[in-house]
Amino acid sequence: MVTAASLAVGLALIASACGSSSNTSGAGTTATTTSSGGKTFANFRLAYDTGIDYLDPSLSYTVEGWGIMWNVYLPLIGYKHVNGPDGATLVPYLAKALPTISADGKTYTFTLKDGLKYSDGTAIKASDFPATIERDFKVDSPGVGFFGNIVGADTFAKTKTGHISGITADDATGKITITLSSPQGDFSNILATEFAALVPAGSPDKDQSTTPLPSSGPYMIQSYAPNKKAILVRNPNFKESDFGGNVPAGNPDMMTIDIIGDDTVALQRVISGQDDYDFHQIPTDRLASTQQKYGDQIKVYTPANTYYFFMNNRVKPFDNLKVRQAVNYAINRQALVRIYGGLAQPTENVLPPTYPQYVKLDNYPYNLAKAKQLIQESGDAGADVTVWNHDRGIDPKATAYLTDVLNSIGLKAKEKVINSAVYWTTVGNQATKAQIGFADWFQDYPHPLDWFDVLLNGNRITETHNNNYANFDDKAVNTKIEALKKEPVLTDAVNAQWAQVDKMVNAQAPWAPFLNRQFTDFFNADMDLSCYVNHVLYQFDYASICKK
């Protein structure tokens, strides 16, 4: 997904490509459940930013929303709550086991665990799963594109009546069967997203962020006032023993999420003890002093992300490979790292270094003279170029730098910065004919398809809500992606083939990738960071933290 600033793009892109209805969720209940760590405490206070889009699992598509909800709404399968690469390991959540997959890769079978209940006391039923996926379509979830390969999903998407024929469920046995139209290597990861987290059949077909749906996880949302505050409390019907260690009960009995609009204000609230944790990034002008005074209270981490400049292969001058290669030689990636306060590492790869398929590429060392030569050879010297970006955070400084660089190598560049709320849909619209611009990507799930298929498969280019901003349409790359899409298991051999795709893309230079950004988690002095867990997908696991 893109960053929170760009929330709408993510799934509009993916979509094109990112039971009780009473909501009696037990507000006011704060029953204590012993966590696996045995270090419970009363209240964890978070200074959050304004990036929460929704707190409804069918609708949220931001890091902020998912970070809260993965301990609230559980899918049939999910990820281990651990640090490091092992966090990408799929494990059973509401299902008894990982799916049984048919030999042809098209049928997935689960059995729901016995005796599970939602936070309002109603039974969790097998039939809640098809109802959940159908609700996604009914509320126009940005995640519906993930489920388009299910037999009957395309028909249901049009009619929104009846049922999706490719999903069957038996409440008596707990059996759930999903039939796909064709094999899909990342489908288990898709089933682990919040879009597939079970909610009761009959849940309203509209946003329930402020009237929270009953939860299946260790916490439930007690209340949510947009742009002000969210409060999570323990789910009285959650039993850690039901989940075999795959879903810890968590340590805070309550989480109070204070939504703060200003980075400096959020930092000061944590320093003063008003909040326990700062979700915001430490302002660059305060980073050095904060590290000096409070270094042992900061965690620096690199989530799976890539920041890049896209170059539209359909329009001049970037329909010319030499021009695209010139841009890659012309940018000083270390200079761009400095623009981001040093909290980044330079890259030329599509895939981030957190991926097992990553093999470092180094084909475009900084060489301004070579860039100028390529521009002259291309025949496009003096071409007019508009450099696109949104107006949020540090990112505009990156395209200001790029604009200067393009002018220095013989192009005639100017910048166009627009409101972040409309940026992604604007550059994703073919009518805009955006030549070159800023983009970033944060994974939806830890699988190479979430990068190459969504962002660089020419077969998925669309007229609007297009994720492939470069309009990169290389037959050899497309064929390789489509073949790998059918591989159900990421073996070493398959991983090596994905690394080859990264190399193939690099040679055609539809992007100029420039860095993998690092981020900070900052805590007040009362928190015990020996319990800190930073997940490969969901980042800091709020439920894991302890107090001294």
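All figures in this text were calculated on a predicted structure; none of them were measured in a lab.
Residues L368 and I409 meet the side-chain proximity criterion, which asks for heavy atoms closer than 4.5 Å. Counting heavy atoms from C-beta on, the side chains of V505 and F472 come closer than 4.5 Å. Residues I68 and W66 are not in side-chain contact: their nearest non-hydrogen atoms beyond the backbone lie 4.5 Å or more apart. With a 4.5 Å cut-off on side-chain heavy atoms, S182 and N149 count as touching. Taking the side chain as every heavy atom from C-beta outward, N457 and N468 never approach each other to under 4.5 Å. Residues Y79 and Y445 form a side-chain contact, since some pair of their non-hydrogen atoms from C-beta on lies under 4.5 Å apart. At a threshold of 4.5 Å between non-hydrogen side-chain atoms, the residues P448 and V501 do not count as touching. Here the side chains of W511 and V350 are in contact, with some heavy-atom distance below 4.5 Å.
Side-chain atoms of N83 and N534 form no donor-acceptor pair, as typed in the model, at a separation below 3.5 Å. There is a side-chain donor-acceptor pair under 3.5 Å between Q443 and Y355. If you check the side chains of Q539 and Y301, you find a donor sitting under 3.5 Å from an acceptor. Checking N495 against Y358 by side-chain atom types alone, no donor-acceptor pair falls below 3.5 Å. For the residue pair N471/N466, the side-chain donor-acceptor check at 3.5 Å is satisfied. Side-chain contact of N312 with R324: a donor-acceptor pair under 3.5 Å is absent, judged by distance alone. Side chains of D53 and S60: a donor on one and an acceptor on the other come within 3.5 Å. N478 and D473 share a side-chain donor-acceptor pair at under 3.5 Å. Between H535 and D541, the side chains place no donor N or O within less than 3.5 Å of an acceptor N or O (distance only, hydrogens not considered). Checking N71 against Y542 by side-chain atom types alone, no donor-acceptor pair falls below 3.5 Å.
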Go through the steps for I150 and I178 under the test side chain to side chain contact (heavy atoms under 4.5 Å, CB included), then give the verdict.
CA-CA 7 Å; I150 299 174; I178 307 162; 4.1 Å; yes
Under the side chain to side chain contact (heavy atoms under 4.5 Å, CB included) rule, what do Q357 and L490 come out as? Steps first, then yes or no, please.
CA-CA 9 Å; Q357 300 82 13; L490 291 172; 3.8 Å; yes
Step-by-step side chain to side chain donor-acceptor pair (under 3.5 Å) determination, D395 to Y340
CA-CA 8 Å; D395 299 334; Y340 283 84; 2.7 Å; yes
Yes or no on side chain to side chain contact (heavy atoms under 4.5 Å, CB included) for I259 and T50, after CA distance, side-chain angles and deciding distance?
CA-CA 6 Å; I259 299 171; T50 57; 4.0 Å; yes
Before you tell me yes or no, could you show the steps for V494 and V489 under side chain to side chain contact (heavy atoms under 4.5 Å, CB included), namely the whole-Å CA-CA distance, both residues' side-chain angles and the distance that decides it to 0.1 Å?
CA-CA 8 Å; V494 172; V489 181; over 6 Å; no
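Judged by distance alone, the side chain of T347 and the main-chain N or O of N349 form a donor-acceptor pair under 3.5 Å. Between the side chain of E348 and the backbone N or O of N363, at least one donor-acceptor pair lies under 3.5 Å. Using modelled atom types, one side-chain atom of N320 and one backbone atom of S378 make a donor-acceptor pair closer than 3.5 Å. Judged purely by atom type and a 3.5 angstrom limit, E463 has no side-chain atom pairing as donor or acceptor with the backbone of Q430. Within the 3.5 Å criterion, the main-chain N or O of K480 finds no donor-acceptor partner in the side chain of Q497. Looking only at distances, a side-chain donor or acceptor of Q435 sits under 3.5 Å from a matching main-chain atom of K316. When atom types are taken as modelled, the side chain of N313 and the backbone of M311 share a donor-acceptor pair closer than 3.5 angstrom. Checked by atom type and distance alone, the side chain of R333 never pairs as donor or acceptor with a backbone atom of L515 at under 3.5 Å. The closest donor-acceptor contact from the side chain of D380 to the backbone of A383 lies at 3.5 Å or more, if one exists at all. With hydrogens and angles disregarded, a donor-acceptor distance shorter than 3.5 Å links the side chain of S141 to the backbone of S58.
Remark: D275 engages R269 in a salt bridge, criterion side-chain N to carboxylate O under 4.0 Å.
The aromatic rings of F438 and Y307 stand perpendicular to each other, their planes meeting at an angle above 60°, with 30° marking the opposite boundary. Aromatic ring orientation, Y423 versus H390: perpendicular (interplanar angle above 60°, classes split at 30° and 60°). Note on ring orientation: taking the six-membered ring where Trp is involved, the planes of F195 and F146 are tilted (angle from 30° to 60°).
For D521, the side-chain hydrogen bond (donor to acceptor under 3.5 Å, both in side chains) test picks out Y277, Y532, with sequence neighbours left out.
Residue pairs satisfying the salt bridge (charged side-chain N to carboxylate O under 4.0 Å, His left out) criterion with at least one member in residues 486-504, sequence neighbours excluded, are absent.
Looking at every heavy atom in both residues, A470 comes nearest to F310 through N-CB, 4.2 Å. Among all heavy-atom pairs drawn from I190 and Q184, the shortest one is CD1-NE2, 3.1 Å. The heavy-atom pair separating P513 from T306 by the smallest distance is CB-CG2, 4.3 Å. Residue G341 comes nearest to L287 through the heavy atom pair O-CD2, 4.1 Å, listed as atom of the first residue, atom of the second, then distance.
In this structure, the ring of F523 has its center less than 6.0 angstrom from the ring center of F540.
By the neighbour-count criterion of 12 heavy atoms within 6.0 Å, atom NZ of K416 is sparsely surrounded, having that number or fewer from other residues, nucleotides or ligands.
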